[in-house]
Each structure stands twice: as structure tokens, then as C-alpha cells.
Number of protein chains: 2
Amino acid sequence: MSQSLANPPPGRFIDDYLLYLLARTSHLISTEFHELLRRRGISVPVWRVLASLVGSSGETVTGLAETCLLQQPTMTKLLDRMVRDGLVKRTQDTRDRRVVRVALTARGEMMATDLVQAAKLHETEVLARHPEAEAVGIKELLRAVVARQARPRRG
Amino acid sequence: MSQSLANPPPGRFIDDYLLYLLARTSHLISTEFHELLRRRGISVPVWRVLASLVGSSGETVTGLAETCLLQQPTMTKLLDRMVRDGLVKRTQDTRDRRVVRVALTARGEMMATDLVQAAKLHETEVLARHPEAEAVGIKELLRAVVARQARPRRG
DNA sequence: AGGCGACGAATGCATTTTCATGCTAACCCG
DNA sequence: CGGGTTAGCATGAAAATGCATTCGTCGCCT
């Protein structure tokens, strides 16, 4: 029962609150890259879809929504816009006619590849800037947390 | 000797992309708590404001926006609703009449205190579930990253 | 004091997101 | 097979958000 073991700067509750620290870190670091997107006129959700589709031959709408941390109706409408803008195309799955397969168009592919390159560059900068994060293997750590946390899909 | 010296799972780009891992982790863990909020009919932004205001005698609108990772106009409108719902009150700063001080009402205070307690409980569960995160001092790590990252005050 | 630039908050409109629901196709089980 | 259930996606009205701009106040500087 000793909260004094750690060293929380006991100012605000949230400054020692894990969920807030995670959200803030994510937001703070991502914002940097998001400004690059903004300069190119690409919204964050669009970037997420593009990044999710590189190297894929077709993802489902629901799968994309989950990956991009969006709700399914939001993804449907986002895809509407991306189809309109010629970034992705929808095709019907032949085995299961309920399923819609989403894939990049040539234009989307080009844009995605380009952005992924920029993202990798940025990531390198970020890791270089925060050596202690790399030292503890932050990516492996996060992957492990995600893997364990990943929802038991019913059952 | 970890096997992760090379590229771990070269499936999708994003699965080894730091910014995505951060966002996904944050989202995945937060979602748990957000469901508790949902059951009580409280939105995430409202919760963030409440949590930001416990123990405070008055924050500015812009300050709250930054803390809650929202834009200032969004915060203004969010506060409109929270005032309407009797959770917070606005008062004019006497020293600087541009500034609006936002503070919890009695009802807001009660709700906030209650939720903070639940949040602390949940945090404990989460940390217990992910021992390796606690082992590396995840909170201290994130605090350090935020502190270093937050420096560039753009203008 | 007067003027100018910066700051803090609010506003208006367009866009996006949400929530609940509808629809079709596949599954399951008797 | 047929009826009920579930999965996958779309839709529509209402709410929230983003972006640019506006309004009022302050600081500074001469």
C-alpha cells in the first residue's frame, strides 16, 4: 500500500495515469507525422487505411475498421470517399458474397508506398531521439501487450 | 540474444510501426475503461475533462484542450455541453479578462472522484496483467518521452 | 496615451463520426 | 430443406469535430 515508492509528481492525477500517459505519448509523437500528412492534404484516417493496405490483396471493411481503430460505419464512409478519390477499390468476395474486399488502386499504392517511406524515416528519427525507449525494446514490449490484450473473440 | 534483432513479423508494415503500436496499445487498453464509461453514459472527452480538473481550482480552456488532446474550439463546445449538464462552471479570471477559468461543480466533483477511483482500480489490473511493462517502468519511460517530446513549443 | 501584434476564447459552416438500425448472405440445427 | 440466428456491410439522422475566422483583452514599445 505504498504509493510513495514510485515517483509520481503528485500534481495532477492524470500525469501518473497509465492510460493517459499512453494516449499522450501516442498523440504527441503521432502529431509530428500528422503534420507531414496535413501538408500533403491527407487525413489521418486515410493514411491509416493506406498503410494498412500496402502489400495486401484485399482487406475486409470490418477488418480495416479494427486495424485503423475506427468503427465499421465510419470505415464504410471513409472508404466511400477514398473510392471517390481513386485511392482504393471495392470488390465483392466470391466465396462469401457478404464480404467486400478493399484494395489499393495504382494511385493509392503509389501514395501509400511514398508515405510508408516517410513514416519509416520519421520512426527512425523518433527512436533516435528517445534512446531509452529503444533500449528497453519498446516495440517488442508494445507488441507483447497488444498480443496479450487482444480481445478473446468471444468464446 | 533476442530473435527480434531482425524484422519480427514482416506481415504488415504497421505491425512493426512504432506510432501504430503506440496508438493501438493505447486504444486497446483504453477501450476497456471506456466501456465502463459508456455504461455510465459518459463520453471519453467528458471523462478527460473531469479527470483533468480533479484537485484543480480552475484551468483555462486552452490548457484543458491541450491536456485532453483536443483542439481549442472543440474544447469550447465540449465545455458548453458540460456546463449545460451541470458538471463544470466557467468563471472569468480577474487578473486577465481574456482567460476563462473552468472548475468542477459539486456534481462534477462527485462524478470525477468516483471515476478516478475506478480508473485507478483499472490501472492496477492492467499493470498486473502486463508485468513486463511494469518491470521496465513503463510509466516513467512514457513520462520521460513526453517530457522530452513536449519541449518544442511551436509558434 | 496610442497603436500594433499576440493571446485566449468563441463562432459558423462544412465535414466527419456516432448510434441505432436495416438489409442481405451465410450458418446451424432439427 | 426451413426457420432462426449470426456475420458483414450500408444507411440516415443527430451529434461531435475541424478549420478558418472573429472578437475582445492584454503587453509592449515609442
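Residue numbering restarts at 1 for every chain, and letters A, B, ... go by the order of the sequence lines.
Between I42(A) and M111(A) there is a side-chain heavy-atom pair separated by less than 4.5 Å. Contact check for Y20(B) versus F13(B): no side-chain heavy atoms found under the 4.5 Å cut-off. With a 4.5 Å cut-off on side-chain heavy atoms, V49(A) and M75(A) count as touching. The shortest distance between side-chain heavy atoms of T91(A) and V100(A) does not fall below 4.5 Å.
Near DNA chain C, meaning a heavy atom under 4.0 Å from it, residues 38-65 of chain B has T60(B), V61(B), T62(B) in order of number. Less than 4.0 Å separates DNA chain D from at least one heavy atom of each of the following residues of residues 69-90 of chain B: Q71(B), P73(B), T74(B), K77(B), R81(B). For DNA chain D, the neighbouring residues in residues 92-101 of chain A, judged by any heavy atom under 4.0 Å, are R98(A), V99(A), V100(A).
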Between M82(B) and V46(B), is the side chain to side chain contact (heavy atoms under 4.5 Å, CB included) condition met? List the steps.
CA-CA 7 Å; M82(B) 292 183 72; V46(B) 165; 3.9 Å; yes
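Taking a cutoff of 4.0 Å between a charged side-chain nitrogen and a carboxylate oxygen, E132(A) and R148(B) qualify as a salt bridge. A salt bridge between D93(B) and R95(B) is absent, with no side-chain N of the basic residue lying under 4.0 Å from a carboxylate O of the acidic one.
Residue E32(B) forms a salt bridge (Lys or Arg N to Asp or Glu O under 4.0 Å) with just one option from R38(B), R129(B), R39(B), and that option is R129(B).
Q117(A) CD: 12 or fewer foreign heavy atoms inside a 6.0 Å radius.
T74(A) places no side-chain N or O within donor-acceptor distance of the main-chain N or O of L70(A), the cut-off being under 3.5 Å.
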